[in-house]
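Order of the sequence lines fixes the chain letters, A, B, ..., with proteins taken first and strands second; residue numbering starts at 1 for each chain.
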Amino acid sequence: EDQVTQSPEALRLQEGESSSLNCSYTVSGLRGLFWYRQDPGKGPEFLFTLYSAGEEKEKERLKATLTKKESFLHITAPKPEDSATYLCAVQGSDYKLSFGAGTTVTVRA
Amino acid sequence: NAGVMQNPRHLVRRRGQEARLRCSPMKGHSHVYWYRQLPEEGLKFMVYLQKENIIDESGMPKERFSAEFPKEGPSILRIQQVVRGDSAAYFCASSPDSRTEAFFGQGTRLTVV
């Protein structure tokens, strides 16, 4: 069974204080690794897809990287609007997405 | 292009009643996934459907739960004889194929009283 572990569970940052979120995974036949953002009471919002080790994607203050065993989501100079729960998911050979429990990021002004 | 539409957004049912949750995928998307999210827990896979076919229902309880995605109309997640433990947020996601990213709706929050 595919497994995804995210750390830390929670992260409190000062505005402008860069940090990284970790996503460790085991999967049978990785088809893709996905990052989503979820705000309270809302559905997950798609951020990135990574398909192979060494791949990197960037969007504004966010950068996602992928190795054979883990992925990192780097947040550079975060702003309060970056506060959210960030979810990592893997898609294996059975096509379904398996999610981690998420990292809740709080950015203080 | 409208996003994934789920309705109702909030649903209250008494124990023993039926709950029907609807999901209209994004235009051009023929793959639909249903997930359940309990408070303070992650998203748990329930079922994966393509038009008129159930591809994987390994995450769905064998009793009381069923899902369909007819040729015409929205995907339906049906929960019969609801119990308090069914209270959760139910999310639907759609994608154009089995490999690309899935886009989520805003969810249906089911409360069983």
Considering all heavy atoms, the nearest Glu101(B)-Phe46(A) contact | CB-CE1, 3.3 Å
Same apolar cluster (I L V M F W Y, side chains within < 4.5 Å links), Leu21(A)/Leu33(A) | yes
Should we count CD of Gln3(A) as having more than 12 external heavy atoms under 6.0 Å?
-> no
Side chain, backbone, both or neither: which part of Phe34(A) has a heavy atom under 4.5 Å from chain B?
-> side chain
Around atom CD of Gln81(B), are there more than 12 heavy atoms of other residues, nucleotides or ligands at under 6.0 Å?
-> no
In terms of heavy-atom pairs under 4.5 Å with chain B, the winner among Gly43(A), Ala101(A), Gly100(A) is Gly43(A)
Taking the side chain as C-beta and beyond, is there a heavy-atom pair between Phe91(B) and Gln38(A) under 4.5 Å?
-> yes
What are the residues of residues 6-16 of chain B, in order of number, with any heavy atom under 4.5 angstrom from a heavy atom of chain A?
-> Arg9(B)
Chain B heavy atoms under 4.5 Å from Glu45(A): which part of the residue, side chain, backbone, both or neither?
-> neither
Using side chain to side chain contact (heavy atoms under 4.5 Å, CB included) as the criterion, list what pairs up with Ser19(A), not counting sequence neighbours.
-> Leu11(A), Leu13(A)
Within a reach of under 6.0 Å around NZ of Lys57(A), are more than 12 heavy atoms found that belong to other residues, nucleotides or ligands?
-> yes
Largest heavy-atom contact set with chain B, pairs under 4.5 Å, which of Thr85(A), Thr49(A), Leu97(A), Asp94(A) = Leu97(A)
For the side chain of Gln91(A) and the backbone of Ser98(B), is there at least one donor-acceptor N/O pair under 3.5 Å apart?
-> yes
Heavy-atom distances under 4.5 Å only: say whether Phe48(A) touches chain B with side chain, backbone, both or neither.
-> neither
Connected via hydrophobic side-chain network under 4.5 Å: Tyr35(B) and Val32(B) | no
Neighbour count >12 (heavy atoms, 6.0 Å) for atom CD, Glu1(A) | no
Report yes or no: do Tyr90(B) and Tyr33(B) belong to one cluster of Ile/Leu/Val/Met/Phe/Trp/Tyr joined by side chain heavy-atom distances under 4.5 Å?
-> no
Do Trp34(B) and Val4(B) share a hydrophobic cluster (ILVMFWY, side-chain heavy atoms under 4.5 Å, transitive)?
-> no
From OH (Tyr95(A)) to CG (Asp97(B)), nearest 0.5 Å = 10.0 Å
Write out, in numerical order, the residues from residues 43-80 of chain B with a heavy atom short of 4.5 Å from a heavy atom in chain A.
-> Leu43(B), Phe45(B), Tyr48(B), Asp56(B), Ser58(B)
May I ask you to list the residues in residues 102-113 of chain B that approach chain A closer than 4.5 angstrom, counting heavy atoms only, ordered by number?
-> Ala102(B), Phe103(B), Phe104(B), Gly105(B), Gln106(B), Arg109(B)
Do Leu87(A) and Val107(A) sit in the same hydrophobic cluster, where Ile, Leu, Val, Met, Phe, Trp and Tyr count as joined when their side-chain heavy atoms come under 4.5 Å apart?
-> no
